[in-house]
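We use all heavy atoms of the structure for the numbers below, so side chains are in, but hydrogens, waters and symmetry mates are not. A note on names: the letters A, B, ... follow the listed sequences, proteins ahead of strands, and every chain is numbered from 1.
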Amino acid sequence: MKRFNNPVLSKEFKLRFRSGKSYIGLLFYLLALGILVITFIFAQSFSSQFGFFHPRESQWMFYYLSFLQLGLILFMTPGLTAGIISGEREKQTLNILLTTPQSSLTIVLGKLLSSISYLLILLFSSLPIYSFVFIYGGISPSQLVTVFMLYLITIFAIGSFSILFSTIIRKTIPAMVTSYALMVFFSAGTGILLVLSMMIGTNLSPPYTTNVVSYIFASLNPFVVMLSILNQEFYNEINQLLFNIHLPPWVTYVSFYLFIFLISIFVSVKKIRPNIGR
Amino acid sequence: MIEVRQLTRKFGNLTALNAVSFNVERGTVFGFVGQNGAGKTTTFNILATLLPPTSGDAFINGYSVVHQPKEVRKQIGYMPDFFGVYDHLKVEEYLDFFGSCFGILPNERKKLIPQLLELVNLTDKKNTYVDLLSRGMKQRLCLARALVHDPEVLILDEPASGLDPKARSEVKDIIRELKLMGKTILISSHILPELAEMSDEIGIIEKGKLVMKGSVSEIRKQLSGEKVIEVKMNGQLEEAIRFFEDDPFVTSVVKNEGNKQFIFTYKGTDEQQIQLLRSAVLKGLPITSFYERERNLERVFIDIMKEVEKDEAIQ
């Protein structure tokens, strides 16, 4: 048990969840999500010819919720993580922590996990709202699990490069700006590059050609990957038309962002203590 | 206990530390004095494993700060010159957190924390949020934090800076108590007299070089071979002045305060000084008091700095 004890993580949990602000934030998030879902159901029911909620519409509600939460992750993760090391440095608490025998890895992981824990709690506490989808059908549990796995890998990847910037840039505001810029590149920049590469290198009539560049940009874009998970048939049609590559984009996505996570943590651990020993 | 060998640290073209070497024996309070920017904090940061030296090494209990920093961290309690505290953490929780960082088990921490709070006189503040403490209390809490793993060596960077006289006195009392507990303490200040009150030995650093090291009295003697001796008489003052003026080692004699006493500067050894006093007594001079005046340490410090600057100008 002692082996897995991370004092930094325990302390950060205590600090984060001590004040009522965290719980109030959680309450308002779930309320907003709940209101959106109920509004969606009522709007669909009233517009339906027979006054009921069709499973096909339930599927749309699932897509709508999943994309909404993905947007939340992309927007919130840099804000929660980009100031955690630089903030300690600015508050002059980091040096004291670095003179304890805690390893640099323990400190970096403790800080990362505690920062993203709030986001994870927001996501997992929204699971009961997803149960509305299961009441009406149209979605498999495996799809829900896959979507949450995509969330996790996205959170850890963005969190890790934000913590890297927080370690090497040393000032919170520049670290935050850099982290947001990289997040915008991965979420919007890859989308723009995807469109540009398709315009240049895609043959829209048979015989279809392989477009590796477009596939790579599509596989790095969280929204495209989410779409490929949520509506596989639709993705397959697009794939045949545009990329003609049969490797599922989530495989490339997970591999790339896992690499980003590992390299960011490695460099953060190396840089947090400017000394030989870690 | 602490061994510093040819420690050098450069920041670009600036040499913050230039081949500094010194030893601190077990149980000694070693005062490290120097002006702001002299290299005190750089030395302490290297000893606390926060900064790698450009060359040289330092050893704490035999462990190298360059090659065995993890072991060094277990041996030392470090208090930086400027430090922050975690908001929303209570005094007791603050110590508990650092106790857990040093791998102290929860039940041991429960016993240890009240003892530490008692030592630094913060028992009644144990449930207060640390950001609400006064600066003096935060300094004492930081001292308690540095002691949480019972280190043999304490590295205290200007522990009394920015405190009011009462708070300074409290910190000094705690340091004296720690000395009685047998801790080896390396402490810095830019105020020599303050450091002299607490220290067994003093090292003076200027522009990255250790320019002098020794006990307080040795430093005074190193600076100048001359002693200032005050003599009180019960009569025969003029005869006594003539007697002392005749001694080859007396460099000047000044009469003062209502013809009952005078002072003279003396450059002889202790044995020659004993012989001089014996001769005066044998001559029948009515001496009621004969003692060596302490030189003002602030003056000593300023004189040392002048000497260093003079040497540099010559070079």
Side-chain angles (χ1 to χ4, degrees), chain A residues 1-24 83-111 114-115 118 167 170-172 269-278, chain B residues 9 41 44-53 57 60 63-90 93-106 109 129-131 138 141-142 145-146 148-149 151 155 157:
Chain A
M1 191 65 199
K2 196 186 163 202
R3 189 178 165 81
F4 298 104
N5 179 34
N6 185 327
V8 179
L9 184 61
S10 310
K11 188 262 294 174
E12 294 289 332
F13 269 140
K14 189 182 277 183
L15 290 181
R16 185 166 290 278
F17 297 105
R18 164 165 277 166
S19 75
K21 282 181 201 166
S22 303
Y23 299 100
I24 292 168
I84 50 176
I85 300 291
S86 54
E88 282 243 7
R89 217 181 280 279
E90 284 165 353
K91 280 197 289 180
Q92 296 177 320
T93 50
L94 187 65
N95 271 359
I96 294 176
L97 191 58
L98 294 180
T99 54
T100 68
Q102 290 298 311
S103 70
S104 301
L105 183 66
T106 308
I107 294 171
V108 168
L109 285 183
K111 287 270 167 198
S114 62
S115 312
Y118 187 62
T167 308
R170 292 169 169 246
K171 295 278 176 197
T172 300
V269 166
K270 284 275 170 203
K271 291 286 175 188
I272 196 169
R273 274 190 174 111
N275 211 335
I276 293 162
R278 302 284 144 209
Chain B
R9 173 70 208 196
T41 299
F44 281 24
N45 280 345
I46 293 172
L47 292 176
T49 73
L50 290 170
L51 195 67
D57 202 348
I60 312 271
Y63 295 109
S64 157
V65 296
V66 177
H67 303 290
Q68 297 156 295
K70 278 183 192 168
E71 286 306 319
V72 168
R73 285 173 203 136
K74 290 176 194 166
Q75 308 295 319
I76 59 163
Y78 170 63
M79 182 175 169
D81 50 350
F82 296 104
F83 60 90
V85 287
Y86 295 108
D87 302 339
H88 312 302
L89 210 57
K90 292 176 182 173
E93 293 168 341
Y94 180 81
L95 293 177
D96 189 67
F97 165 59
F98 281 102
S100 64
C101 284
F102 279 96
I104 301 166
L105 297 171
R109 299 203 295 265
Y129 285 100
V130 286
D131 50 332
K138 281 180 187 165
L141 178 63
C142 197
R145 195 259 322 140
V148 78
H149 55 299
I155 298 172
D157 197 358

Looking at CZ of B:R73 and CD of A:Q102, how far apart are the two atoms once the value is rounded to the nearest 0.5 Å?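 Result: 10.5 Å between the selected atoms.
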
Within this structure, what is the NE2-CZ distance for the pair B:H88 and A:R16, rounded to the nearest 0.5 Å? 11.0 Å

Would you check if there is a donor-acceptor pair between the side chains of B:Y86 and A:E88 at a distance under 3.5 Å? yes

A:T100 pairs by side chain to side chain contact (heavy atoms under 4.5 Å, CB included) with which of B:F97, B:F102, B:Y78? B:F102

Passing option when B:L50 is tested against A:L94, A:I96, A:L98 for side chain to side chain contact (heavy atoms under 4.5 Å, CB included): A:L98

What closest approach, in Å, do [X] and [Y] show between heavy atoms, and which atom pair accounts for it?
{"X": "A:R18", "Y": "B:L89", "answer": "NH1-CA, 4.0 Å"}
{"X": "B:S100", "Y": "A:P7", "answer": "OG-CB, 3.2 Å"}
{"X": "A:T99", "Y": "B:A48", "answer": "CG2-O, 3.4 Å"}

Atom group of A:L15 that falls short of 4.5 Å from chain B, counting heavy atoms: side chain

Where does [X] contact chain A at under 4.5 Å (heavy atoms): side chain, backbone, both or neither?
{"X": "B:E93", "value": "side chain"}
{"X": "B:V148", "value": "neither"}
{"X": "B:F82", "value": "both"}

Option in A:T106, A:T93, A:V8 with maximal non-hydrogen atom pairs under 4.5 Å from chain B: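 Heavy-atom pairs under 4.5 Å are most numerous for A:T93.
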
CZ/A:R170: more than 12 non-hydrogen atoms of other groups inside 6.0 Å: no

For atom NZ of A:K91, is the number of surrounding heavy atoms from other residues, nucleotides or ligands below 6.0 Å larger than 12?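 Check passes, neighbour count above 12.
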
